[in-house]
Structures are given as C-alpha cells and as structure tokens.
Amino acid sequence: MDDLNDQRTQRLQKLETLRGMGVPPYGARFEGTQPIARLVEAYGSTSQDELTHQRVTCRIAGRIVALRRFGKAAFASLQEGAHRLQVYFRKDTLGDEAFRLSQTLDLGDWIGVDGSVFRTKTDELTVEVQTLTFLSKGLRPLPEKWHGLTDIETRYRQRYVDLVSNPSVHHVFETRSRLIAGLRSYLTDRGFLEVETPMMHPIPGGAAARPFTTHHHALHADLYLRIAPELYLKRLIVGGFRRVFELNRNFRNEGLSTIHNPEFTMLEFYQAYADYHDLMALTEDVFQVLAREVCGGITLTYQGQRIDLTPPWRRLSYFDAILSSTSFDRRVLEDRAAAEAAATDLGLAIPPGATLTGIVNAMFEHAVEPHLTQPTFITEYPADLSPLSRRTDSDPRLTDRFELFIAGRELANGFSELNDPLDQRRRFEAQATQRAAGDDEAHALDEDFLRALEYGMPPTAGEGIGIDRLVMLFTDQASIRDVILFPQLRPEPPS
RNA sequence: GGGUCGUUAGCUCAGCUGGUAGAGCAGCUGACUCUUAAUCAGCGGGCCACAGGUUCGAUCCCUGUACGACCCA
C-alpha cells in the first residue's frame, strides 16, 4: 500500500464531494486559454485605470499553488510552468454554486478561469473570476510553500514535484532546450544535415568506454547500446555527405558522478575537407553565439568563477601543458621510469602494467585538467590515446586533435579524422593488444568500418560536444543531475 | 570499490547527558468580501529509513543493510 496519509484521505473525500456537486473531478478539454506567462508579460505594467478602461478579460488555466480565503472571498495563485498569476474569487461575482465549488479547492488542483484583469489595492495583477471550471484534482499535498522541495533525492525521483515546487528548475531546462535548438540551427544554417544512426551497435566503437549489452532474440545476436555515433557518421562521409551531425544519447556503462550519467547527450558533427583548426574556430564561434542568445553576453559565471568566452581561446599542446603545469623536464614524457617517478611524485598511484602513455595521461588529468578554467584547447594528443585521429605530419607520434576544457572540465573533443585505412587497421590492432592486456575500454576492431575507409573517405574533421556539460556551464549547475530531467538513480527500494 | 555526512509528520526542520517526540507550513473545525509566508481561536496527524546488538529502558550508543549527497580510486 502506498503512503496513505490523512491529507490524501481528505482529498479522496473531496473528490466524492465534487462528484456530488455534479462536477467531474477529472475534466475534459478546456480550450482557448492564454498562457499565464503571456498575460503577465502583456499586462505586467498596465495601470488599473488602463485595465478598467480596456475591460481586459481572459481565459487562463493552471495549478493552484497558494490559497488565501476570507469568508466570502478568496485569493489563489495559479501556476503554469514557472509563471504565476493571482486570481480572486468573490461570492458576489461567482454566485452561490460556483463559490461553493471554489470553497472545495485544494492546493495542487488544476482549474480553468474566465475573468477580468485588474489590479488589487496592493497593485498586484489579478484576475477576478467570473466563471470557474474545475479541471483536475490533486490527491497529494504539495511541498511547503516557503522552502519548497529541497530533499535532493525526492527532487530527482519525483522531478514532477520539483518542477511544481521550484520554478528555477524550469529555467534550467528551458535553457537546455534553447541551447540545443541553437546548436541545431547553427549547424543546419551552415549546411550540416541532421542524421540518425543506430543506437544499437553490433560492435561498440567510437570511444574508449564500456558499453551496455542487450540481446536481440529474433537475430540471436548480442547488441550494444552505442558509446558514440562516430564510426557511423564517418561512414556517411564516405557515402558522400559533406556535413552531417547527430545530437542524441550515448550510453556508457561506467560510474556515476557529478559529471557522469550513464546516458548522456552528445552532439557529433563531421565536415568534409576541413581540419581540426577549422573546428576550433567553429567551436569558439558557436559558443559565443549560444552565450549571446541564451545568456545575453559572452562572459559567464560558473560556480563563482568568471568564464570569458572572448576568442581566440588559448591553444596549448598536450605535452607543453603537462610540462608547464609541473616542474618536470621532457624526459618524463619519453621515459617510462622517469614518468613513473614523476607520477609518484605527484601522489598518483600507478598500476604495475601502466604504459608510458597511460602514466603521462594520468599526470595530465591530475596536474593540468583541473586548472584549465578559462576556455583552452589542448592540442596534439599522442597517437596512442587517439586511435581514430589523423597523425600530425611533422610528428607521427602525435595527432591533429584537440580537446576543449572550460572550468576544469572536458567540453569537446575534435580532430582531423584518420582516413588512411591501413593506418586505421594498425591502430585498431594496437587497441586489440591493449584489450588483450586487460584494458576493457580499448577500441574493438570494426571490419565494416575499415571496409568503408577503403572505399575512400575525403579529408574530414569531426567533433563531439558534451551537451550536458555545456548546459551545466551555461546554467551554472554543479551537478549533471541538475541538467538531466530524470537522472539515473538506483531503483527506489520497496516501501 | 574506499572515506565522510545524511535519512524524525505530506513538506522544511528541532530534539541536550539514553527515560516511548516537538515547531512552522500544509490538513481539519470555526470567524473574516483586497490578501499575498494573510490573520485569529481550536483540533488531529509519527514503523524516529530497515534489521540486529548493548541496556531496566534506544530517535539518541554499537554493528550491519538500503537509499542519497560529497570527496577519493
């Protein structure tokens, strides 16, 4: 049995009272309403005299979130989304029957209202109700009016209550939606075609991550939820699309944290004939466009830090970043023993089988990443870490790749694509060696992808932008769970 | 996986040295036709997350479990 408290019991009784009055507690269509937000916007600064003169009437609907009764009159706040408008019930105006209905209303109920717009003595925009239409009965009490709902677990598990109780949550998710719409129009305006590639992959690829496994019964085949769309999008470039993007969910079977949710949203886009420098310029530009559209300017505040998106952003090579953030000399990048000593010096625990690349990357993550507050492109990643990236012409141990860091977090990853099928095969084979050595995040070898490359992929640059982290940055949220409507939690224990 | 902290009424929170629980809001009854955290009078509401242990006695001390938050790997 569910938590059957006395308030719920009371409301179940009121449901019967409504039925007794001939009022359906779960009504049907209520057409022709104006959004409360629109009404408030339209008349928020209109004077009482002007409202009287214009005889402004309206039809609105919403949830009752505050109620103040005075014998033969009452005030209520109607909420729709993040917006509220006060309504006023008078026995004189409503008549006995409708006033009796208004007396049965509870916090949380949905009603529709026809009335005239005026200002109260205290100058609050208010609708005096002429006709009251009952729309839907709330059986559970809402959280407290002053503190709202603060219990973080309940906020995530019952986001619907969070949204009712905390209007600022609406703002975060509206901003999320506008950022995504902004990215879509930015890319489509520049000739990128939005495509949909499989979510279920026979071979998980395109990233270093553990996949979720599922099974298709009719095909008698294991399938993997995609960890990245990359290899499919590049197949499309092989097929002749010049510019494509996909903006959708990826799934990675890894731990949860303030910056990791097992399903998360990624934008990936690919541009033929371009290189990673073009993408860095595009990234600087699109962040500015979004910041202006959504935040009204190109400086943001994130968790108390001022973030300045004015281009050009700093560009720093991966190795130089490590050397300039530590006091080590170049040997630590080239000699495994020196690297291990340096890493130990930084307080890092190095597992026995760790490769030079792995140790150096641990140093990067520890000594460099957290300090990259202002937008910074880290470039020229080692080829060992970048099995899908084109090698740098002047030094084939490096790649034409960048990652973007802001506020100490990776926001984007882009590179000139490796389009040499023979080199790609060797890189996959190196990954297979790592996998055999116990690295279960190493890339799997995808023969069909290699076959596609053998048909010839033009020079191409591609990039992924982590949308959840982007939204965190633009809405100043500390946890990824605050920018995902229904973040992953353990299943609720039975009560 | 490890550490720290948390879980008390529908919600937000108190609860001292171990003696079977309090407030505000919400709810119920009554008064009130311009209030806005309305006001006034009265009333009800608890598996103190769960399971063990210590104790004459546990919301409180101990152990474990579940769920969550943060930090670390």
Side-chain angles (χ1 to χ4, degrees), chain A residues 1-14 17 48 51 64-79 84-96 98-100 102-109 115-129 138-162 164-166 254-261 303 343-344 346-351 354 358 361-362 365-366 370 408 477-482 487-495:
Chain A
M1 217 30 221
D2 206 355
D3 47 323
L4 193 78
N5 58 64
D6 60 333
Q7 301 202 38
R8 188 164 174 273
T9 310
Q10 293 282 1
R11 286 171 178 232
L12 283 167
Q13 282 167 11
K14 284 192 183 173
T17 305
Q48 166 62 14
L51 287 169
I64 299 170
V65 292
L67 199 49
R68 298 173 289 280
R69 295 188 208 276
F70 304 83
K72 298 182 182 64
F75 289 94
S77 299
L78 276 200
Q79 177 170 289
R84 290 182 175 193
L85 181 57
Q86 179 167 267
V87 297
Y88 179 43
F89 301 103
R90 275 173 69 98
K91 195 174 184 184
D92 299 354
T93 316
L94 277 167
D96 289 355
F99 188 71
R100 199 144 32 85
S102 79
Q103 294 289 88
T104 73
L105 297 175
D106 280 315
L107 292 178
D109 291 354
S116 50
V117 182
F118 75 110
R119 276 184 189 282
T120 62
K121 279 199 287 209
T122 52
D123 207 36
E124 173 146 354
L125 192 70
T126 304
V127 177
E128 180 169 356
V129 181
L139 294 180
R140 290 173 184 256
L142 293 176
E144 200 228 355
K145 62 184 171 189
W146 192 240
H147 300 91
L149 179 66
T150 63
D151 180 81
I152 201 150
E153 184 175 352
T154 312
R155 286 188 49 227
Y156 296 151
R157 286 198 196 280
Q158 301 182 44
R159 183 69 89 182
Y160 38 91
V161 182
D162 189 27
V164 173
S165 187
N166 298 312
E254 294 169 348
L256 289 76
S257 80
T258 51
I259 52 169
H260 293 94
N261 196 63
Q303 303 294 294
T344 307
L346 292 172
L348 299 172
I350 300 302
N361 199 47
E365 288 175 0
H366 179 266
Q477 296 299 308
S479 170
I480 196 169
R481 296 179 201 102
D482 291 315
Q488 197 65 47
L489 300 177
R490 279 202 167 80
E492 204 170 356
S495 50

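Quick note: numbers below take in every heavy atom, side chains included, and nothing from hydrogens, waters or symmetry partners. Throughout, protein chains are lettered first and strands after them, A, B, ... in sequence-line order, and every chain is numbered starting at 1.
- Per the geometry, CD belonging to A:Gln10 stands 6 Å off P belonging to B:C28, to the nearest Å.
- Of all heavy-atom pairs spanning A:Gly71 and A:Phe99, the tightest one is O-CZ, 3.5 Å.
- For B:A69 and B:U8, the P atoms lie 16 Å apart once the distance is rounded to whole Å.
- Sequence order on RNA chain B of the closest nucleotides to A:Gln86 and A:Asp106 puts A:Asp106 first from the 5' end.
- A:Gln13 places its CD atom 12 Å from the C1' atom of B:G27, with the value rounded to the nearest Å.
- To the nearest whole angstrom, the two C1' atoms, one in B:G64 and one in B:A26, are 37 Å apart.
- Going from the P atom of B:G53 to that of B:U59 covers 14 Å, rounded to whole Å.
- Counting any heavy atom pair closer than 4.0 Å across all strands shown, A:Gly148 reaches sugar-phosphate atoms only and no base atom.
- Between the CD atom of A:Gln103 and the C1' atom of B:G27 there is a distance of 16 Å, rounded to whole Å.
- Listed here is the closest heavy atom pair of A:Ala478 and A:Thr258: O-CB, 3.9 Å.
- With centroids closer than 5.5 Å and planes inclined by less than 30 degrees as the test, A:Phe75 and the base of B:U35 pass as a stacked pair.
- Proximity of A:Lys145 to the phosphate of B:A26: a side-chain N or O atom is located under 4.0 Å from OP1 or OP2.
- For A:Asp482 and A:Tyr156, the side-chain atoms include at least one donor-acceptor pair closer than 3.5 Å.
- The partner of B:A37 is absent, by the rule that a Watson-Crick or G-U pair needs both atom distances under 3.5 Å.
- Contact annotation: A:Arg68 does not reach the phosphate of B:U35 (side-chain N/O to OP1 or OP2, under 4.0 Å).
- Following rounding to the nearest Å, A:Asp151 (CG) and B:U8 (C1') show an atom-to-atom distance of 13 Å.
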Each nucleotide in nucleotides 65-73 of chain B should get exactly one letter: B, S or -. Can you fill that in based on protein heavy atoms under 4.0 Å? -SSSSSS--
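- Across all strands shown, B:U17 forms no Watson-Crick or G-U wobble pair with both key distances under 3.5 Å.
- Among the nucleotides B:U12, B:C28, B:G27, the one closest to the side chain of A:His147 is B:U12.
- Within 4.0 Å (heavy atoms only), A:Leu142 reaches no atom of the nucleic acid at all.
- Counting heavy atoms from C-beta outward, A:Lys72 and A:Arg90 have side chains that stay 4.5 Å or more apart.
- Of all heavy-atom pairs between A:Asn166 and A:Leu149, the closest is ND2-O, 3.0 Å.
- Side-chain contact, A:Glu365 with A:Asn361: a donor N or O sits under 3.5 Å from an acceptor N or O.
- Within the shown strands, B:C72 is the pairing partner of B:G1 under the Watson-Crick or G-U definition, both distances less than 3.5 Å.
- Here A:Lys91 pairs with nothing under the salt bridge (Lys or Arg N to Asp or Glu O under 4.0 Å) rule; sequence neighbours left out.
- Spacing of P atoms, B:G6 relative to B:C60, comes out at 13 Å, to the nearest Å.
- Atom pair A:Arg8:CZ and B:A9:P shows a separation of 18 Å (rounding to whole Å applied).
- Heavy-atom minimum distance, A:Val117 versus A:Leu125: CG1-CD1, 3.6 Å.
- Nucleotide B:U12 has B:A23 as its partner under the Watson-Crick or G-U criteria, with both atom distances under 3.5 Å.
- A:Phe89 comes within 4.0 angstrom of no nucleic acid atom, judged by non-hydrogen atoms across all strands.
- Note on A:Thr150: a side-chain N or O is less than 4.0 Å away from OP1 or OP2 of B:C13.
- Distance noted for atom C1' between B:A58 and B:C25: 30 Å (whole Å).
- Of all nucleotides present, only B:G42 satisfies the Watson-Crick or G-U wobble test against B:C28, with each distance under 3.5 Å.
- When heavy atoms are screened at a 4.0 angstrom cut-off, A:Phe118 is found touching base atoms of the nucleic acid.
- In this structure, the CD atom of A:Gln7 is 18 Å from the P atom of B:C43, given to the nearest Å.
- When the P atom of B:U12 is taken as reference, atom CZ of A:Arg155 falls 11 Å away, rounded to whole Å.
- Under 3.5 Å, the side chain of A:Asp6 and the base of B:G27 form no donor-acceptor pair of N or O atoms.
- A donor-acceptor contact under 3.5 Å is formed by the side chain of A:Thr120 with the base of B:U35.
- A gap of 44 Å separates the P atoms of B:C48 and B:U35, to the nearest Å.
- When only modelled atom types and interatomic distance are considered, A:Arg8 and A:Gln13 share no side-chain donor-acceptor pair under 3.5 Å.
- Here A:Arg69 lies in heavy-atom contact (under 4.0 Å) with a base.
- Taking atom CD1 of residue A:Ile64 and atom P of nucleotide B:G27, one finds them 11 Å apart after rounding to whole Å.
- Between B:G3 and B:G19, the two C1' atoms lie 35 Å apart (nearest whole Å).
- Only the P atoms considered, B:C70 is 26 Å distant from B:G10, to the nearest whole Å.
- For the pair A:Gln86 and A:Arg68, the tightest heavy-atom approach, listed with the atom from each and the gap, is OE1-NH2, 2.8 Å.
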